[in-house]
**Student:** 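There's a structure below that I have some questions on.
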Amino acid sequence: MPQISSDDLPPFATASEERFALAVRGTNDGIWDWDIRSGEVFFSPRWKDMIGYEDHELANEFSTFETRVHPEDHDRVMKTVNDYLYGSLDRYAVEFRFQHKDGSWRWILARGRALRDAEGKPYRMAGSHTDITEQKLSEEQLRHARLAAEAANRAKSAFLANMSHEIRTPMNGIIGMGELLLNTKLDPKQHEYLLMLKNSAESLLALLNDVLDFSKIEAGKMELDEQDFDLRHTIADTLLALGVRAMQKNLTLTHKVTEDVPVILLGDDGRLRQILINLVGNAIKFTDRGEIIVRVRIESRALDKTTLHFEIHDTGIGISPEVQGRIFDAFTQAETNTNRRYGGTGLGLAICRDLVELMQGRIWVESEPGKGSTFHFTAVFGEATQDSLDKPSAPATGPLLGLAEKSMKVLVVEDGRVNQLVAAKLLEERGHRVEIANNGQEAVEKVRDGDFDAILMDVHMPEMNGFQATSAIRQIEEKHGGHVPIIAMTANALKGDREQCIAAGMDDYVSKPIHSAELLHAVERFMHGRTAAPPRLEITGTPAEAAKPKKRGPAFKADVFVAAAGGPEMAKELIAIYAEDSDKFLQDASAALSAGNAVALYEAAHSLKGMLGVYTATRASETASHLCHLAQDGDLFGARALLEKLKKECARLGTALANVDLSSSSD
Ligand code: ADP
């Protein structure tokens, strides 16, 4: 038992004070006891020792304390004493700097209590001094470290955002050039390699977009872009794209949206797609057999808000309980070897969590290792504006849900396996029967003995291409009667292609990559025979004819552009770079014309076409497309006049862009 020396006690100590002193000694604190009426203060030897003094060196009076408090802390400390004794404070505890004998400053925590007379007037106050210098120092160091880490994190996010943004530009160049190359004459090996190159470039771009999204969210720069959308359509469309991957792994992928979920909702369907692609993509990635089910139901409904509950269930490898809590953090993967086995960055779920939070929802997972996982998330959507409710349901919504009115027998002629799968799955889900032909030759043979309601025909195929196959089919029909509708699937929307499609005897065309609604629409148009529906495709005539204004697309519309850009922020960036890019390509085109270089002219015009498309400048983009066509034909004379026109259209677009008002849609 520690001994209490009488030094530690004030001269007027009682038994309970002895106990107090004993406790205080154990803590290495100094004690003080102030007789307020006499002004006399007892400072224990430890109190004095803390600031480097022997007991006899300091007088037992209040000024011994007061004069040693740091000038910057003095008034605050005195006010605290006063407020405790005579004012509102019911606790006395204050931190301040206190001067040591050697001149240095120590941090002290002073605590104490007052004794009061019957009227509540304090007559005595006693307490302790604790030296908290070390603690203060480490707090300060921690604070510094935290600030530095935060600054570094912000710098990292900004760096990531900038880098990924910068890398996207050349990536788009690589992908665009790959597309151009794919349109040239290549032998099958070159074609295959180029496709692989393009695929890699596209997955790299997807990764970059992830990094950009994530850093944008971290930097607090992500905003939702809300508009009316058809939830069932969004889900069906998203799952369709993923369906190919599921099919390749022999997994069933189904979805169910309960009937009470409104058809049209107000929200950011692009971001919702992104969440679904991530979660369903993961489910496919981590499941080797069984099924993936996506369910949507109403969680709650308030005035004009609907909270939906989404569930993505898989029968995959599952996630252990320890890991479940971490997987929504950035760069986290369940096992260190996950990356080697399955790839991925560990960013997907972090982005999902942030997006879900932006949608005022939450995300969680239930999982049993070896059995499977169910990811849940909720999100709040608004009520559709009356405007879009009045509209007859968009054709895109109809064909995708449930079965078609009548089952059709459709021949899909396509050499690409992925496109075969996409088209076939899409049609089969609607209840159509599908046969596949791998090239034109096979198609002709199948048509000879089959009775098809429609043919989906890829244009570019080895051996016998789509045009040749169509001609051959039409020749057979001339002899034997009949006319099976042929719908071309074409990757480039060059006018030459369309003309050729019609010239070859095709009835319609859809553009690749295949858009589900467009494809079903094109096929089902012929459900009740060929004549029932008017041809959707208007043939674009010769370039001179095409230039006539009657068939021109709509002029630039600011709201369409902002929506297509994915929001005001991106729109702003696009507007900022417009002049530079359009000038560059127009100059390239001029230079190519002067040099008489049709290939270079084609390339410049093609780049312009793509670029103008991004600005939803349909008219100008059509002119550029027309220019591509002339360049392809080697008609440099006609091209000269068209380029002048395109320059004017680009200048007009420049003015229109400069006048786009982004304030209404931004915050
Ligand atoms: P990644 O790009 O690595 O897939 P995510 O953030 O999407 O990143 O996922 C993080 C980790 O969570 C994955 O690496 C995986 O370990 C685990 N995970 C996610 N979804 C599933 C799932 N459906 N089944 C099993 N594990 C999953």
Side-chain angles (χ1 to χ4, degrees), residues 156-157 160 164 199-200 202-218 222 235 238-239 241-256 270-296 309-359 361-379:
K156 180 212 73 186
S157 294
L160 270 179
S164 41
N199 281 343
S200 307
E202 271 163 5
S203 37
L204 185 53
L205 190 63
L207 178 68
L208 280 172
N209 285 337
D210 262 9
V211 173
L212 182 62
D213 275 354
F214 179 71
S215 35
K216 254 174 133 179
I217 294 171
E218 277 230 311
M222 174 73 83
I235 291 181
T238 309
L239 296 191
L242 292 158
V244 179
R245 266 155 71 196
M247 273 164 79
Q248 282 164 345
K249 291 185 83 175
N250 247 330
L251 303 167
T252 33
L253 173 60
T254 52
H255 68 277
K256 184 158 176 33
R271 294 297 177 191
L272 178 64
R273 265 172 213 263
Q274 194 178 354
I275 300 171
L276 287 170
I277 288 174
N278 260 310
L279 296 180
V280 178
N282 275 347
I284 296 171
K285 184 155 93 172
F286 295 107
T287 304
D288 286 328
R289 72 181 69 84
E291 56 178 357
I292 290 143
I293 310 172
V294 178
R295 291 194 188 91
V296 189
H309 182 145
F310 295 77
E311 231 181 272
I312 295 91
H313 170 81
D314 68 51
T315 51
I317 60 172
I319 305 163
S320 68
E322 312 85 73
V323 179
Q324 284 175 25
R326 284 193 281 120
I327 51 169
F328 295 104
D329 296 340
F331 305 110
T332 302
Q333 298 184 318
E335 311 290 341
T336 36
N337 70 2
T338 297
N339 184 280
R340 254 174 291 134
R341 273 183 61 201
Y342 298 100
T345 53
L347 272 182
L349 290 178
I351 293 174
C352 286
R353 187 199 50 200
D354 291 337
L355 289 178
V356 163
E357 277 169 11
L358 276 177
M359 296 184 185
R362 56 194 199 93
I363 185 166
W364 70 101
V365 64
E366 284 165 359
S367 181
E368 204 177 317
K371 288 239 168 89
S373 317
T374 306
F375 280 83
H376 300 259
F377 70 93
T378 59

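The chain is numbered in sequence order, starting from 1. Remember, it's 1-based here, ligands and their atoms both numbered in the order they're listed.
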**Student:** Could you see which bit of L349 sits under 4.0 Å from ligand 1, with heavy atoms only: side chain, backbone, both or neither?
**Tutor:** both
**Student:** For ligand 1, which atoms have a heavy atom of I319 less than 4.0 angstrom away?
**Tutor:** 18 (N), 21 (C), 25 (C), 26 (N), 27 (C)
**Student:** Taking atom CD1 of I292 and atom OG1 of T374, what is their separation to the nearest 0.5 Å?
**Tutor:** 11.5 Å
**Student:** Is there a polar contact between ligand 1 and N278, counting only N or O atoms under 3.5 Å apart?
**Tutor:**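 No, N278 has no N/O under 3.5 Å of an N/O on ligand 1.
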**Student:** Can any side-chain N or O of S215 pair as donor or acceptor with the backbone N or O of K156 at less than 3.5 Å?
**Tutor:**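 Absent.
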**Student:** Residue-level breakdown please: for D314 versus ligand 1, do any non-hydrogen atoms fall below 4.0 Å on the side chain, on the backbone, on both, or on neither?
**Tutor:** side chain
**Student:** Please list, in number order, the atoms of ligand 1 under 4.0 Å from a heavy atom of I327.
**Tutor:** 12 (O)
**Student:** Would you mind running through ligand 1 and noting each atom that sits below 4.0 Å from a heavy atom of G318?
**Tutor:** 25 (C)
**Student:** How close do R362 and V356 get, counting heavy atoms only, and between which atoms?
**Tutor:**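 Closest approach of R362 to V356, heavy atoms only: N-CG1, 3.3 Å.
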**Student:** Heavy atoms, side chains only, cut-off 4.5 Å: are F375 and I319 in contact?
**Tutor:**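 Heavy-atom side-chain distance check passes, below 4.5 Å.
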**Student:** Between D213 and R271, is the closest basic N to carboxylate O distance under 4.0 Å?
**Tutor:** yes
**Student:** S373 near ligand 1, heavy-atom distance under 4.0 Å?
**Tutor:**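 Flag set, S373 near ligand 1.
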**Student:** To the nearest 0.5 angstrom, please state how far the OG atom of S367 sits from the CG atom of D314.
**Tutor:**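 It is 7.5 Å, given to the nearest 0.5 Å.
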**Student:** Does F375 come within less than 4.0 angstrom of ligand 1, counting non-hydrogen atoms of the residue?
**Tutor:**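 Heavy atoms of F375 do come under 4.0 Å of ligand 1.
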